[in-house]
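Below: the structure, in structure tokens.
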Amino acid sequence: CLSGPNVKVSKVFHIKKGTLLNDLLDKVKINKKDSLYVMGGLMKGNVIDPLNEVIYNNQNGLVVTCKTKPKARDCINCGLCAKVCPVKVNPKHLMDQKLISNNCLD
């Protein structure tokens with residue numbers, strides 16, 4: 001699945017294993033200069049270089065987003081931030097209680 005703010009229409013692609021990701025991006029005409037590529041989702045994925053990435057079986061999604069930091073949005077209480085925090089800090093709880101944690105990595 002290819003999605004994100006720099007993709008005009010999100011779409012699922014069935015492509016041959018071993019295909020260069022850059023070849024797929026050329027076909028869908030993405031502005032590569034201003035894009036950041038995250039394989040596996042924004043919360044748990046990894047930033048990749050599309051020029052050196054080859055498609056294989058276990059890749060489940062690519063988010064193409066802007067390199068610039070997007071505007072902050074209000075919390076929707078989804079809980080994902082607490083699930084992925086490497087030091088097990090719940091940012092929502094800290095904000096609600098106006099607490100500061102020395103464990104927070106921001």
Side-chain angles (χ1 to χ4, degrees):
C1 178
L2 184 62
S3 65
N6 280 13
V7 177
K8 290 181 182 177
V9 177
S10 296
K11 186 174 179 183
V12 174
F13 290 90
H14 297 282
I15 54 179
K16 192 176 186 180
K17 183 170 60 171
T19 301
L20 290 173
L21 178 57
N22 194 47
D23 292 345
L24 172 64
L25 296 174
D26 284 343
K27 288 181 183 178
V28 295
K29 297 180 172 70
I30 290 177
N31 180 0
K32 295 179 194 175
K33 185 174 121 184
D34 297 325
S35 295
L36 184 70
Y37 304 89
V38 183
M39 185 66 75
L42 289 176
M43 295 296 279
K44 292 186 177 182
N46 297 308
V47 175
I48 61 164
D49 176 6
L51 297 175
N52 299 318
E53 192 71 25
V54 176
I55 303 298
Y56 58 91
N57 286 345
N58 297 334
Q59 293 169 320
N60 58 358
L62 176 68
V63 177
V64 183
T65 189
C66 304
K67 283 184 181 178
T68 58
K69 190 174 181 179
K71 291 181 183 178
R73 296 182 183 172
D74 291 335
C75 177
I76 60 169
N77 295 314
C78 68
L80 287 177
C81 57
K83 288 181 183 177
V84 299
C85 178
V87 291
K88 307 299 181 217
V89 173
N90 184 336
K92 173 76 171 125
H93 174 73
L94 295 177
M95 289 184 343
D96 288 348
Q97 301 299 317
K98 297 185 179 13
L99 300 173
I100 297 173
S101 170
N102 293 332
N103 292 337
C104 186
L105 303 172
D106 291 329

Candidate pair L25 and L62, rule side-chain contact (heavy atoms from CB on, under 4.5 Å), full reasoning: CA-CA 11 Å; L25 296 174; L62 176 68; 4.3 Å; yes

Shared hydrophobic cluster for Y37 and I15 (ILVMFWY, side-chain gaps under 4.5 Å): yes

Single-linkage hydrophobic cluster M39~L20, side-chain heavy atoms < 4.5 angstrom: no

Value rounded to 0.5 Å, distance of OG1 in T19 from NZ in K27: 7.5 Å

CD on E53 to CG on L24, rounded to 0.5 Å: 12.0 Å

